[in-house]
Amino acid sequence: MTSPAIDVTELRKVYKDKVVLNGVNLTVARGTVTALLGPNGAGKTTTIHILSTLIRAESGEAFINGCDVSRDPDGVRAAIGLTGQFSAVDGLLSGEENLLLMARLRHLGAKRSRTRVAELLEQFDLVDAARKPLATYSGGMRRRLDLAMTLVATPSVLFLDEPTSGLDPRSRHTMWDIVRGLVANGTTVLLTTQHLDEADELADRIAVLDGGRIVAEGTPDELKRLAPGGHVRLRFADAPALNAASELLLGSSRDDAALELAVQSDGSVGALRTLLARLDDARIDVDDLSIHTPDLDDVFFALTGRTDSQGTAS
Ligand SMILES: Nc1ncnc2c1ncn2[C@@H]1O[C@H](COP(=O)(O)OP(=O)(O)OP(=O)(O)O)[C@@H](O)[C@H]1O
Ligand SMILES: [Mg+2]
């Protein structure tokens, strides 16, 4: 049995007297993408820094590919790549020089370094800009270079802290394609993001961090069912059918013009079965049915209990 790519138990981190992580538990299966969501200051970057051995936790355990982050940091470092929230590349060097520097730091050897850097420049669409100083790069080019730097040594577990912040829609999609390509080749990804559509697009599972703990974890669809506002919309052939259904399903709201009835529901298969069985028993035919699940923004607000602009009370 292989260990999960990331396995975190009761992680605790305190800065002075401020408890940032208060018992975080998280498991990420190999070859999957998990998005870590949470309001500003929730501890997402802190979590990623602990998992990538940059800082130490007060207590708890964390394993990357079975390597303990506190007992075997070298083993962990050999397995991971980290692209940080704030880029840390040298603005005076060219993109190519930055990549070569990273390749040499990773002990790739001169020849292997050259080929790997050429591959990455090609893959990240940076061939034309390769020889230009980084100071002249746009935000999107810098982000791509950041990620290319991380991939010099082909890590098996990749941490991406807000990989697309500040990118335009096209560059975000390019970045998403790159991440999908990596995952298709077996890389495991843990990413943080403030863009809930990004989590929806990329993540197999989402974990929501708030108040020092994971307050919810599941697939994007599972999480959406947690937020209020989910309903099933039923359309009927005629007014008598609508009337009958409206009497049967108390609490539903009707739209007479559209011959539709909105019934509160989490949209799960079980709930749909029960609903349709009730209508069937009453011999009411349904013409059309659609499920409306809340989007991740609804989920985020419902779970973290405040909007981002209100900040974190601490
Ligand atoms: N070196 C430090 N010393 C003291 N407090 C710190 C330090 N680093 C982080 N913190 C605090 O820990 C908390 C979590 O910070 P962290 O950067 O992990 O949050 P985050 O979820 O990544 O937020 P954001 O969405 O803004 O990136 C914040 O309250 C922050 O002020
Ligand atoms: Mg952060």
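Note that ligands are numbered from 1 as they come in the structure, with each ligand's atoms numbered from 1 the same way. Below, all heavy atoms of this structure are taken into account, side chains as well, without hydrogens, waters or symmetry copies.
In this structure N25 satisfies the side chain to side chain donor-acceptor pair (under 3.5 Å) test together with E10, sequence neighbours excluded.
Between E96 and R131 a salt bridge is recorded (basic side-chain N to carboxylate O distance below 4.0 Å). Residues E58 and R12 are not paired through a salt bridge, judged by the lack of any N-O separation under 4.0 Å between the basic side chain and the carboxylate. Salt-bridge annotation for D197 and R172: present, with a side-chain N of the basic residue lying under 4.0 Å from a carboxylate O of the acidic one.
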T192/D161 under side chain to side chain donor-acceptor pair (under 3.5 Å): CA gap, chis, key distance, verdict: CA-CA 5 Å; T192 72; D161 199 0; 2.5 Å; yes
Derivation and outcome, side chain to side chain contact (heavy atoms under 4.5 Å, CB included), residues I80 and F159: CA-CA 7 Å; I80 65 166; F159 298 107; 3.7 Å; yes
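Taking backbone and side chain together, T192 holds no N, O or S atom under 2.8 Å from the Mg ion (ligand 2).
Under 4.0 angstrom from ligand 1, the non-hydrogen atoms of Q194 all belong to its side chain. If you look at T45 next to ligand 1, the close heavy atoms, those under 4.0 Å, come from the backbone and the side chain alike. Heavy atoms of H49 found under 4.0 angstrom from ligand 1: none, in either backbone or side chain.
Which parts of ligand 1 touch K18 is read off a 4.0 Å heavy-atom cut-off, strictly below it: atoms 29 (O). Distances below 4.0 Å separate heavy atoms of T46 from the following atoms of ligand 1: 14 (C), 15 (O), 16 (P), 18 (O). Atoms of ligand 1 found under 4.0 Å from any heavy atom of E162, numbered from 1 in the order shown, are 25 (O), 27 (O). Numbered from 1 in the order shown, with element, the atoms of ligand 1 that lie under 4.0 Å from a heavy atom of N40 read 23 (O), 24 (P), 25 (O), 26 (O). Taking every non-hydrogen atom of V20 and a distance limit under 4.0 Å, the qualifying atoms of ligand 1 come out as 12 (O), 13 (C), 14 (C).
The heavy atom nearest to atom 13 (C) of ligand 1, out of those in G43, S165, G41, is found in G41.
Taking 4.0 Å as the cut-off, K13 does not count as a neighbour of ligand 1 on heavy-atom distance.
A donor-acceptor pair is defined here as one N or O able to donate and one able to accept, closer than 3.5 Å; no such pair exists between the side chain of S171 and the backbone of L167.
Clustering of Ile, Leu, Val, Met, Phe, Trp and Tyr side chains at separations under 4.5 Å places L93 together with L101.
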